[in-house]
**Student:** 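After the structure tokens below, expect a handful of questions from me.
By convention in this document, chain letters (A, B, ...) are assigned in the order of the sequence lines, proteins followed by strands, and residues within each chain are numbered from 1. Fair warning: this is a prediction, and the values are worked out from it, not measured in the lab.
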Number of protein chains: 2
Amino acid sequence: MKKVTLNDIAKKVGVSKTLVSLVVNGKARGYGISGQTCDKVMAAVRAYGYNPNQTARSLRTGMSNTLGLIVSDISNNFYASLARQLEDLAWELGYNMIIGSTDESVGKELKLLEIFRNRQVDGIILSSSQQNPTELENLVKSGFPLVLIDRYFPTVPIPSAVVNNKVGGELLAQHLLNQGFRNPVVLSLTPSYISSVAERVEGFVSVFENAAIHTEVHNIPFLCLVDMVEDFFTTRLHDKNMPDAVFAVNNNLATATLRACHVHNIVIPKDIALVCFDELPYFDFSKPSITSIRQPVAELCSVAFSLLQGQITNNGETKPGHVEMMPVELLVRESSTQISDNNGWRSP
Amino acid sequence: MKKVTLNDIAKKVGVSKTLVSLVVNGKARGYGISGQTCDKVMAAVRAYGYNPNQTARSLRTGMSNTLGLIVSDISNNFYASLARQLEDLAWELGYNMIIGSTDESVGKELKLLEIFRNRQVDGIILSSSQQNPTELENLVKSGFPLVLIDRYFPTVPIPSAVVNNKVGGELLAQHLLNQGFRNPVVLSLTPSYISSVAERVEGFVSVFENAAIHTEVHNIPFLCLVDMVEDFFTTRLHDKNMPDAVFAVNNNLATATLRACHVHNIVIPKDIALVCFDELPYFDFSKPSITSIRQPVAELCSVAFSLLQGQITNNGETKPGHVEMMPVELLVRESSTQISDNNGWRSP
DNA sequence: CTGAAAGCGCTTACAG
DNA sequence: CTGAAAGCGCTTACAG
């Protein structure tokens, strides 16, 4: 089952490969190729089911019409949403997406970066787990189209699309303060240097600090998140050292916290308040509903995508250090509000 | 910033491209190339940071080390999980994954199939939205490695990895019957011919039919699912024609149903029971917890992957019609059990 | 308006 | 043990 090639078509029609290529690529007009010839060629293309071999085309043109997406875990709801939105944007412009998950491993991230580049992807959108991204900096300097999404490096000039995580943390803290909570704990992630995580924590902690309240920050390793969160509550219950509020810095930690509270019969918000980053589909109807920070996922993706497009087509001025920071939205719900009945949450 | 090529290295070292290629690909041994030569070559490879151009390699070998994954929506929790598991399996064997979402559009599915093939992917894992998959059949006949996942065609011989959806539907129906529910409604999906959906519904309906109970099946269009589910309940409430149980055939419908019930102040399971297919992270701790069918996602993926591998390497006998059907698990929870207190659900 | 030729960067018989 | 040559399937100056 050999595939039909350009050469096959050229022979069948009795013209040159050049001609067929030009017609197939819609450049007939530009070269003044006669309508008749065009029709003959296209008829053969259809008749024999010719499809250009993209690999050959890539090798020749140096463009692959492929974009790489690297995140920590594509099955995480947040990254899955990013992937879908980016895929759609890419599709509009004739790109396909190749994906890779790193599990926060810098080694795997670097490997994926290299592999994707060897595959001649036209650009990469990356949510990096690195701390000192010299390779990334060099990549950008070399002119390779790269944009960071969700996480960036404040001191390293790489085009980035992120949200204002610090303000998100502040909004949650201020809300908890207003509600009268005075003994919060932050459930955060290892590695804790990741900008999104660090800034959420920073914003949160600073607000309480201003109110002369110290916030304990608990870093949970990425890979055994569910168990570690449960252990945290087990220990605290045993030590009779429970916080009155928990800030889960991402959706996975929020879900893990809800599960742990369920296991330990901790009632939200009666026993403890919960606020978190990232909006999950069930947060607005669960009992209790969950106070969260909604990230503007669609905007994040379209900004990231146009930053990448800008680099690929090299249109406009190239600003290597352009960081686009989008606002977030606080959604106050039942999980963090003082309660009004004996069930531990408000009636609907 | 030109990339270093094989030729560059050959020149630097003063040997032929053949030699460098052999060494780089670890075939030095097989061709009895001297250790000295190997070392010299590898030193240069490292010194100049040479990485083989995969596109050129693909064109030459006809293999791309890329696998395609096509599903209806990569942001759906179920497909995102599939993607992640498959990505890991692929990674182990040196493959990368290119993904595409169809939104149940047959046209987009066919386009993606064609594009992926033109990109010389070594194989495709597909959750198809088609009804009459002649193209797929031809593809398989032509020897192209294709395996169906999640959805298959009972009468068309294409290697497939699916779960026993019929039994899943039966288990849920039998459970509801046992609990005393007699007036169920199925919230299903358009297109309703999709095997997974059709078999879930079939299993469910047949059990109630055996008990002389007619089950109404409501097909919800894929794209406006949330609104349509809410409309469904609005209408039924208005008509005072509420079912006593709902079977949501997938995770999105389950979430939409929960949201609609929340909006309409319908209390589960007091006012209505809910059972569904697909396990979501919050189903076991939500209030109420949700009765669901858990699919063996990991097994599904590893079976699909080895079916694909079998075709790619052409090892063992090629059984075009091999359908692997895996068992599912019923998880009985609060959303479908008769209640014991006045809150509408059991206390933890 | 159309074709012959070069070349993208590899791998792989083939020859020695 | 090593190299020259062909060729994967395209695109694109270049020539006419």
**Student:** Taking side chain as C-beta onward, heavy atoms only, is A:Leu136 less than 4.5 Å from A:Ser128?
**Tutor:** yes
**Student:** So, are A:Asp88 and A:Arg84 salt-bridged, with charged N and O less than 4.0 Å apart?
**Tutor:** yes
**Student:** Check this one for me: any side-chain N or O of B:Lys3 less than 4.0 Å away from OP1 or OP2 of C:dC8?
**Tutor:** no
**Student:** So A:Leu59, base contact, sugar-phosphate only, or nothing? Heavy-atom distance under 4.0 Å.
**Tutor:** base
**Student:** Which of these nucleotides, D:dC10, C:dG9, C:dT12, is closest to any side-chain atom of B:Asn53?
**Tutor:**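 My answer, after comparing the listed nucleotides, is C:dG9.
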**Student:** Hey, does B:Thr37 reach any base, or is it just sugar-phosphate, or nothing, if we go heavy atoms under 4.0 Å?
**Tutor:** sugar-phosphate
**Student:** For C:dT2, give the paired nucleotide (Watson-Crick: N1-N3 plus N6-O4 or O6-N4; G-U: N1-O2 and O6-N3; both under 3.5 Å), or none.
**Tutor:**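 Matched C:dT2 with D:dA15 under the 3.5 Å cut-off.
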**Student:** Among the nucleotides D:dC10, D:dG3, D:dT2, which one has an atom lying closest to any side-chain atom of A:Tyr50?
**Tutor:**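 Selected nucleotide: D:dC10.
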**Student:** Tell me which nucleotide among C:dT12, C:dC10, D:dC10 gets nearest to the side chain of B:Lys27.
**Tutor:** C:dT12
**Student:** Nearest to the side chain of B:Leu19 - C:dC10, D:dG9, D:dG3?
**Tutor:**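 Comparing C:dC10, D:dG9, D:dG3 against the side chain of B:Leu19, the answer is D:dG3.
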**Student:** Checking salt bridge (charged side-chain N to carboxylate O under 4.0 Å, His left out) for the pair A:Lys141/A:Glu135: CA distance, chi angles, key distance, verdict?
**Tutor:** CA-CA 10 Å; A:Lys141 274 187 192 149; A:Glu135 291 90 348; over 6 Å; no
**Student:** Regarding A:Asn51, tell me which of base, sugar-phosphate or nothing describes its non-hydrogen contacts under 4.0 Å with the strands shown.
**Tutor:** sugar-phosphate
**Student:** Mapping B:Gly14 and B:Thr61 to their closest nucleotides on DNA chain D, which lands nearer the 5' end?
**Tutor:**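 Going by which nucleotide is closer to the 5' end, it is B:Gly14.
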**Student:** Can you tell which of D:dC10, D:dG3, C:dG3 lies closest to the side chain of A:Thr18?
**Tutor:** C:dG3
**Student:** At what distance, to the nearest 0.5 angstrom, does CZ of B:Arg151 lie from CD1 of B:Ile194?
**Tutor:** 3.5 Å
